[in-house]
Amino acid sequence: MKVAITGATGFVGSRLVERLHLQGHHLLVLTRNVTTAQKTFSSSKFPNVDIVAYTPDSSGWQQSISGCDGVVNLAGEPIAEGRWTAERKQEILQSRKLGTQKIVEAIAQANPKPQVLVNASAIGYYGTSKNATFDETSAAGSDFLAQVCLDWEAEAQKVVAAGVRLVIIRLGIVLGKGGALEKMITPFKLFAGGPIGTGKQWFSWIHRDDLVNLIIQALTRPDITGVLNGTAPNPVRMNELSQTMGQVMNRPSWLPVPGIAIEALLGDGAIVVLEGQQVVPKRTLEYNFDYQYPTLPEALKDILGNS
């Protein structure tokens, strides 16, 4: 296949490029930072990767979409970095809304058109809850992140009118070496780990390799359409997360981490960790997706086993 990818230098995108390249696919990395992309995907190690300068409202990159078999749109400003000022909220929203709008326009104008768009969204779509369980059919929440996801997905849906198959993957908290987990394990490394906030909030997660496999299946299986939750089938409460991290790292896990400390680390994006939601991948499982890491102990042993 020939696949165009935005957000390719990110935590998920970089692993996706590695996997698709190993499988022999030809990849177009659409990136704002060509220098970073060239360092990440050197031509000697990634001979089948072409790097294309890209910002949503610039011109020139659109023609590269013609002849692609699929597009994966993962781009978006980080949520869990800094305070959500009015300006920052606008950046978070527009990077997703405008970016997806322009990708969809390029797909519609392409000749020949890609067959599929795999577009990221997030489980923030559902809002937060201490007690409810959400699947792909659940209604949207009403907070800021839910509205971002609604607007984001609405732009992606427009690709269907161009006759292109659409898969939207609502990402949970992605676990791997680096990313959110890297920030969360710091107290454990200092023998000061424990539950974050109340410890009772839900934590809906997915191993990065499972998410990458899900994206690849969404690209390559014509039967997969619509919304999928990119979460493992076994969400946990924060207390269980901290206990499992302590066991895997052979560190104590009894010292609570106050919410204010996480807010200092993650800014307003801490709401994702401090409030959370229980999300299950009902439709993902209906497509018989095979999780390599369905439970948290399996995932953390793979990621933190040598920590």
Side-chain angles (χ1 to χ4, degrees), residues 2-21 25-68 70-110 114 117-122 124 145 148-149 151-153 155-156 158-159 168-169 171 174 176 178-180 182 208 211-212 215 219 266-267 269:
K2 184 178 181 182
V3 182
I5 304 174
T6 70
T9 59
F11 186 58
V12 175
S14 57
R15 180 61 62 90
L16 177 64
V17 170
E18 289 173 10
R19 285 289 309 283
L20 288 172
H21 187 266
H25 301 294
H26 181 197
L27 307 173
L28 297 181
V29 168
L30 304 182
T31 180
R32 294 170 182 268
N33 195 323
V34 170
T35 302
T36 298
Q38 288 171 338
K39 289 179 181 176
T40 306
F41 308 116
S42 64
S43 57
S44 58
K45 291 183 179 179
F46 295 90
N48 291 337
V49 172
D50 292 329
I51 295 167
V52 178
Y54 158 85
T55 53
D57 49 5
S58 65
S59 59
W61 59 269
Q62 290 86 350
Q63 48 263 47
S64 66
I65 300 295
S66 293
C68 285
V71 178
V72 181
N73 182 28
L74 302 173
E77 282 291 314
I79 286 172
E81 291 184 12
R83 294 290 166 198
W84 287 352
T85 61
E87 182 181 5
R88 182 74 180 139
K89 282 184 171 183
Q90 190 65 14
E91 288 174 357
I92 289 170
L93 172 61
Q94 283 301 111
S95 64
R96 289 161 173 79
K97 184 177 179 180
L98 179 65
T100 303
Q101 175 193 330
K102 295 301 183 182
I103 285 289
V104 167
E105 288 176 359
I107 290 172
Q109 294 165 9
L117 169 63
V118 181
N119 209 85
S121 183
L145 290 181
V148 168
C149 292
D151 290 353
W152 194 3
E153 293 185 16
E155 293 299 333
K158 295 175 184 177
V159 83
I168 291 173
I169 301 181
L171 276 58
V174 183
E182 189 64 33
R208 179 168 59 167
L211 177 57
V212 166
I215 294 169
L219 273 172
L266 301 181

Mind checking the [atom1]-[atom2] spacing from [X] to [Y]? Nearest 0.5 Å is all I need.
| X | Y | atom1 | atom2 | result |
| --- | --- | --- | --- | --- |
| Lys158 | Ile103 | NZ | CD1 | 14.5 Å |
| Asn33 | Gln38 | CG | CD | 9.0 Å |
| Leu20 | Lys2 | CG | NZ | 14.5 Å |
| Ile5 | His25 | CD1 | NE2 | 10.0 Å |
| Ile169 | Leu74 | CD1 | CG | 8.5 Å |
| Glu91 | Leu98 | CD | CG | 13.0 Å |

Can you see which heavy atom on [X] is nearest to which on [Y], and at what distance?
| X | Y | answer |
| --- | --- | --- |
| Ala156 | Leu117 | O-CD2, 4.5 Å |
| Pro78 | Ile92 | O-CG1, 4.1 Å |
| Pro56 | Arg32 | CD-NH2, 3.5 Å |
| Ala122 | Cys149 | O-SG, 3.6 Å |
| Leu171 | Ala120 | CD1-CB, 4.2 Å |
| Ser64 | Leu28 | O-CD1, 3.2 Å |

Keeping the roles fixed (side chain from [X], backbone from [Y]), state whether a donor-acceptor pair exists under 3.5 Å.
| X | Y | value |
| --- | --- | --- |
| Gln62 | Ser59 | no |
| Trp152 | Leu93 | no |
| Ser58 | Tyr54 | no |
| Arg19 | Val212 | no |

| task | Verify whether one side chain among Gln109 and Glu105 offers a donor that lies under 3.5 Å from an acceptor in the other. | result |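 No - no donor-acceptor pair under 3.5 Å links their side chains.
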| request: Show your working on side chain to side chain contact (heavy atoms under 4.5 Å, CB included) between Phe41 and Asn48 and close with a plain yes or no. | output: CA-CA 10 Å; Phe41 308 116; Asn48 291 337; over 6 Å; no
Side-chain heavy atoms of [X] within contact of [Y], under 4.5 Å:
| X | Y | answer |
| --- | --- | --- |
| Val118 | Asn73 | no |
| Ser14 | Thr9 | no |
| Leu27 | His21 | yes |

| query | Which of these, Arg96, Arg88, Lys89, sits in a salt bridge (charged side-chain N to carboxylate O under 4.0 Å, His left out) with Glu77? | reply |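 Going through Arg96, Arg88, Lys89 one by one, the salt bridge (charged side-chain N to carboxylate O under 4.0 Å, His left out) with Glu77 is satisfied by Arg88 alone.
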| request: Could you check Val3 against Leu219 for side chain to side chain contact (heavy atoms under 4.5 Å, CB included), going step by step and ending with a plain yes or no? | output: CA-CA 9 Å; Val3 182; Leu219 273 172; 4.1 Å; yes
| request: Evaluate the side chain to side chain contact (heavy atoms under 4.5 Å, CB included) criterion for residues Ile79 and Val148: first the C-alpha distance (whole Å), next the side-chain angles of each, then the deciding distance (0.1 Å), finally the verdict. | output: CA-CA 11 Å; Ile79 286 172; Val148 168; 6.0 Å; no
| query | side chain to side chain contact (heavy atoms under 4.5 Å, CB included) between Ile215 and Val12: does it pass, once the steps are laid out? | reply | CA-CA 10 Å; Ile215 294 169; Val12 175; 4.0 Å; yes
